[in-house]
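In what follows, chains are A, B, ... by sequence order, proteins preceding strands, each numbered from 1. Any value given below was found using the heavy atoms of this structure, including those in side chains, with hydrogens, waters and symmetry copies removed.
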Amino acid sequence: MGYQSVSENSHLLSRIAAGDGHGENSSYFDGWKAYDSNPFHPVSNPGGVIQMGLAENLLCLDLIKEWIKEHPEASICTEEGLNYFEAVANFQDYHGLPSFRQALARFMGKARGGRVSFNPDSIVMSGGGTGAQETLAFCLADPGDAFLVPTPYYPAFDRDFCWRTGVRLLPINCFSSNNFKLTKAALESAYETARKNNIRVKGVLMTNPSNPLGTTMDRDTLNTLLTFVNQKRIHLICDEVFSGSVFNQADFLSVCELLDEEPSYDKSLIHIAYSLSKDLGLPGFRVGVIYSYNDTVVKCARRMSSFGLVSSQTQHLLSHMLNDDDFTSKYLAENKRRLHTRHEEFTSGLEKFGIKCLPSTAGLFIWMDLRQFLKENTENAELKLWRVIIDDVKLNVSPGSSFRCTEPGWFRVCFANMDDATMHVALKRIGDFADKVKDETTQLDDATMHVALKRIGDFADKVKDETTQLQQKKRFNKKLRLSFCRINDGGITQHLMSPHLQSPRSPLVKASH
Amino acid sequence: MVVKVYKPCVPLSAIATSSTHGEDSPYFAGWRAYDEDPYDATTNPSGVIQMGLAENQVSFDLLEKYLEEHQEVSKLVNGIGGFRENALFQDYHGLNSFRKAMASFMEEIRGGKVKFDSNRIVLTAGATAANELLTFIIANPGDALLVPTPYYPGFDRDLRWRTGVNIIPVNCNSSNKFQITKQALEEAYAKAKKADLQVKGLLMTNPSNPLGTAMTRPVLEEILNFISSKNMHLISDEIYSGSVFSSEEFISIAEILEERGYADAQRVHIVYSLSKDLGLPGFRVGAIYSYNDAVVTTARRMSSFTLVSSQTQKMLSPMLSDVTFTKNYIKTNRERLKRRYNYVVERLRECGIECLHGNAGLFCWMNLKPLLEEATTDGELKLWETILKDLKLDISPGSSCHCTEPGWFRVCFANMSIETLDVALSRFTSFMEKRRKT
């Protein structure tokens, strides 16, 4: 259908719509586009891009599948579950199914080793973790206000927290010199900078375990944070979305535990964001949670949850599953174990190539140090390196600059969203690349560097041509995940689906033609 | 949780502390009264009967029968092959099959008179989210939307609360059966201009909630001309389109656009949901259909905050694509609603209560003007309280729907069994008899 192009009417849209607060112009998403247009498949497209830029957990879905098969009564479309259909389909109360809230409270407590107990009445649903962050921003801050956030941080926070709310995120800079730990000095400095610029700081937003670092906060840091927000009388949002993905024997210390230990901390300042997208590997089900110790926030967030409730069908299924104590214990333990194994394999593989990662004990990714491969210590150099990794090595990893890391050369690499075989392919590619770049870039001048990269580029083109046929045959692979392309190119397209983009060439390769 | 009182409370946002969430309205007070004392035929026969919630429970059996006869659906949702992909699927384009199924269903409802391109469908968790999202896209904080009265009370929250956008009512009254007139549109627009508000669009519900009437062709044409001349958007909330009693009587804005060769179509956006026609409010399935590419793109991005569960998309997609099923469902649902509506209106007439002549929806628009002590909002609310406390019926007062004429009430009839409906109707009958005697 050919409707009039809207460019002449773009003034008809709001500022929010017309701006780029959606955040999709980030390199973080460019990598996804590259994957989307040339997705790896061991048989039909072995030269394709391996997706290592999407933090998903595939490792334990078999356990969940098994549970669902054994419990048909938990599904409203099976014979056994059909008698629940009408009541569930009709249930739109924004308090959520009581059994669902109880199940979530239990699961969250278990993920914290039973050291914290959550009140089901303070649990509020949201449209995934994405919705939880936005709702909290709407509740706690006015347009123009700011939250401080330690860097590096999850790129989509800029959209989730700021886009429609008009709230700002200001960085608290962290550095590799102390393994990117948050310090009191950094907190104070960020707060002071805001104050000097007449920006009202309403709180701190932190992720623990951290995305992208994969580290957990120690007791001292948590206390520093809690003391800071109490002194400044500002809010603290703890995104604990990876709390069930802590491995390596380290126990996860949630901010909730410290609240219980130290009564002088004002609980009404503390709000937890959670979701089942990472720990349970169910991002499609859109289960987000807000847990607040502040009753007014609970009430407000609950009203706002009307804009992003969890499907009652999903609530029904998960309330059965997460109330099954045997299952959840088994699941959390096995999830830890598998993540640990995968993490070990991957990091030791990288170690063999002389590639170090930040020591981490949680999450679905590692924070890889490629500073040694940078021509210069700049963001530009990092992005050039990143383009080579996408185009030549055919790995979608996420550049540290997209996480607002202060130091160039770090990359987040996800490892839990693929099978073992694919991981080994990825490792081999990294190894080969590491060898090649080391050989070719030590003592090289610019011109020679360009030649070397041209060769890599030509190689990349050759591989691309060979895989074009495969691309045209089959975009989506049944054995691997479906496309997670979440981006449109923003402009008016011939058709409205995500365009079938070709990976843009490295600017270096283009320059030497 | 006890908040230590000697510390000053850290402020929340202005949005959080405002009352634009709208829950102080008698519309919701009635719901609370029901919650506290819900009718049950055996355990609480004198409890409050909920007639203030527009739900459709008359056709569940058709859905259950479909699922029973199509066990492959449960295999699809929970089976070996599909589960993993489905659980991981968070693409904001939505499942292709589901978008196609929604497009197909929407076409069936309109009797095949229009075609919908599934690529223009954006999924949201309910129409609540769809309306808010569209408002974020077409209007800036401080701008205004025109909304014909009476309107669904939830719009006060959905369109205004977090968006900061204002609603300017387009006032309609019983003199012409509450139809929207050019004059009313112009008056509302002028009012906005006077208050220095930029009007960015008109949001209408067709068929109307709370009136239960489908808009006529001349009115739709008038509205399209108006919004074009004023360079604004049009949002047509068509969530009751499958609940029009006879398909010939519903004209979607999509039809008029098609007839006009889609001239100026990029101003128009349709909102839909499965909460009313299919009676599935719990599943949170809403949709935006826009003829404007930039709106589709932006809406899709914003839908990240409010996606439909992939599990639900998977389950409903075969059902909504099954044209044999949907044709029969739509036809049967319409017949059952029509039967109920006629029954309710007839019983009310017998005891001396008149309703607006309606042809759609899950409710009737009841005229209790003759019963008012005074023809004011206060008078109406007094009567509403009496009905709630003495008759134990939760019906919605017109003032909560911003009706300018006191004395009208929205009465839902499709959210209960026929036995409960009879109890409710007999309470009206007794009430009217008592009044005649005194």
Side-chain angles (χ1 to χ4, degrees), chain A residues 1 3-4 6 9-10 13-17 22 56 61 65 68 75 77-78 82 85-86 88-92 127 130-131 134 138-142 164 233 235 266-269 282-286 293 295-296 300 303 306-309 311-314 481-482 484 486 488 492 495-497, chain B residues 1 3-4 7 10 12-16 21 55 60 64 67-68 73-74 77-78 83-93 117 119-120 125 128-129 132 136-140 162 262 265-266 280-284 291-294 296-298 300-301 304-307 309-312 315:
Chain A
M1 287 172 190
Y3 310 118
Q4 278 179 24
V6 86
N9 284 316
S10 58
L13 299 190
S14 67
R15 287 186 289 271
I16 284 176
H22 51 75
E56 281 175 347
L61 281 174
K65 250 172 26 192
I68 290 178
S75 302
C77 48
T78 56
L82 203 53
F85 182 83
E86 186 171 338
V88 170
N90 216 37
F91 186 83
Q92 58 174 328
T130 303
E134 188 190 54
F138 269 126
C139 288
L140 304 177
D142 292 323
R164 304 191 304 180
R233 302 299 297 144
H235 293 281
D266 183 354
K267 281 181 164 171
S268 77
L269 301 176
L282 304 174
F285 290 5
R286 314 313 302 149
Y293 290 89
D295 285 348
T296 313
C300 182
R303 286 174 170 149
S306 297
F307 298 110
L309 293 172
S311 168
S312 53
Q313 174 197 12
T314 302
R481 297 154 300 119
L482 298 176
F484 296 93
R486 299 181 59 195
N488 263 322
I492 312 305
H495 58 93
L496 291 162
M497 300 311 295
Chain B
M1 298 288 145
V3 175
K4 296 220 166 80
K7 287 189 176 125
V10 174
L12 304 185
S13 65
I15 286 177
H21 51 73
E55 278 176 352
F60 266 129
E64 283 161 351
L67 289 170
E68 225 168 4
V73 172
S74 85
V77 180
N78 304 321
F83 179 77
R84 202 171 78 146
E85 281 78 4
N86 188 245
L88 293 169
F89 188 81
Q90 56 175 327
D91 181 348
Y92 62 26
H93 290 85
D117 175 2
N119 292 333
R120 291 193 172 279
T128 299
E132 189 198 42
F136 269 120
I137 290 176
I138 66 174
N140 293 313
R162 306 192 305 180
Y262 299 105
Q266 81 280 7
L280 306 173
F283 292 172
R284 314 315 301 146
Y291 295 88
N292 181 317
D293 292 355
V296 172
T297 302
T298 310
R300 202 168 268 144
R301 287 175 171 150
S304 299
F305 297 110
T306 183
L307 296 173
S309 169
S310 55
Q311 183 193 19
T312 301
M315 178 177 70

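Residue contact with chain B, scored on non-hydrogen atoms closer than 4.5 Å, involves the backbone and the side chain of F138(A) alike. Both the backbone and the side chain of A14(B) come within contact range of chain A, each with at least one heavy atom under 4.5 Å from a heavy atom of that chain. At a 4.5 Å heavy-atom cutoff, the contact between I68(A) and chain B is made by side-chain atoms alone. Proximity to chain A (any heavy atom under 4.5 Å) is restricted, for E55(B), to the side chain, taken from C-beta onward. Both the backbone and the side chain of L282(A) come within contact range of chain B, with heavy atoms under 4.5 Å apart.
Atom CG of N86(B) is separated from atom CZ of F285(A) by 5.5 Å, given to the nearest 0.5 angstrom. H21(B) NE2 to S306(A) OG: the interatomic distance, rounded to the nearest 0.5 Å, is 11.5 Å. Rounded to the nearest 0.5 angstrom, E86(A) CD and E64(B) CD are separated by 5.5 Å. To the nearest 0.5 Å, atoms CZ (R286(A)) and CZ (F305(B)) are separated by 11.0 Å. The CG atom of N292(B) sits 8.0 Å away from atom CZ of R120(B), with the distance rounded to the nearest 0.5 Å.
Most heavy-atom pairs under 4.5 Å with chain B, from the set G131(A), G308(A), A17(A), A89(A): that is A89(A). Counting heavy-atom pairs under 4.5 Å between each of L67(B), I138(B), T128(B), I137(B) and chain A puts I137(B) at the top. Per-residue counts of heavy-atom pairs under 4.5 Å with chain A were compared for P281(B), A139(B), A129(B); the largest is that of P281(B). The most heavy-atom pairs under 4.5 Å with chain B, out of S75(A), C77(A), G127(A), G284(A), come from G284(A). Note on A87(B), A16(B), S310(B): by heavy-atom pairs under 4.5 Å with chain A, the leading option is A87(B). Put simply, of I16(A), V88(A), L269(A), L61(A), the one with the most heavy-atom pairs under 4.5 Å next to chain B is L61(A). Of the residues considered (V73(B), I15(B), N140(B)), N140(B) shows the highest number of contacts with chain A, using heavy-atom pairs under 4.5 Å.
Residues S311(A) and S309(B) bring no donor and acceptor atom of their side chains to less than 3.5 Å of each other. No donor-acceptor contact under 3.5 angstrom links the side chains of S304(B) and T130(A), judged on distance only.
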side-chain contact (heavy atoms from CB on, under 4.5 Å) assessment of L82(A) paired with E68(B): CA-CA 8 Å; L82(A) 203 53; E68(B) 225 168 4; 3.6 Å; yes
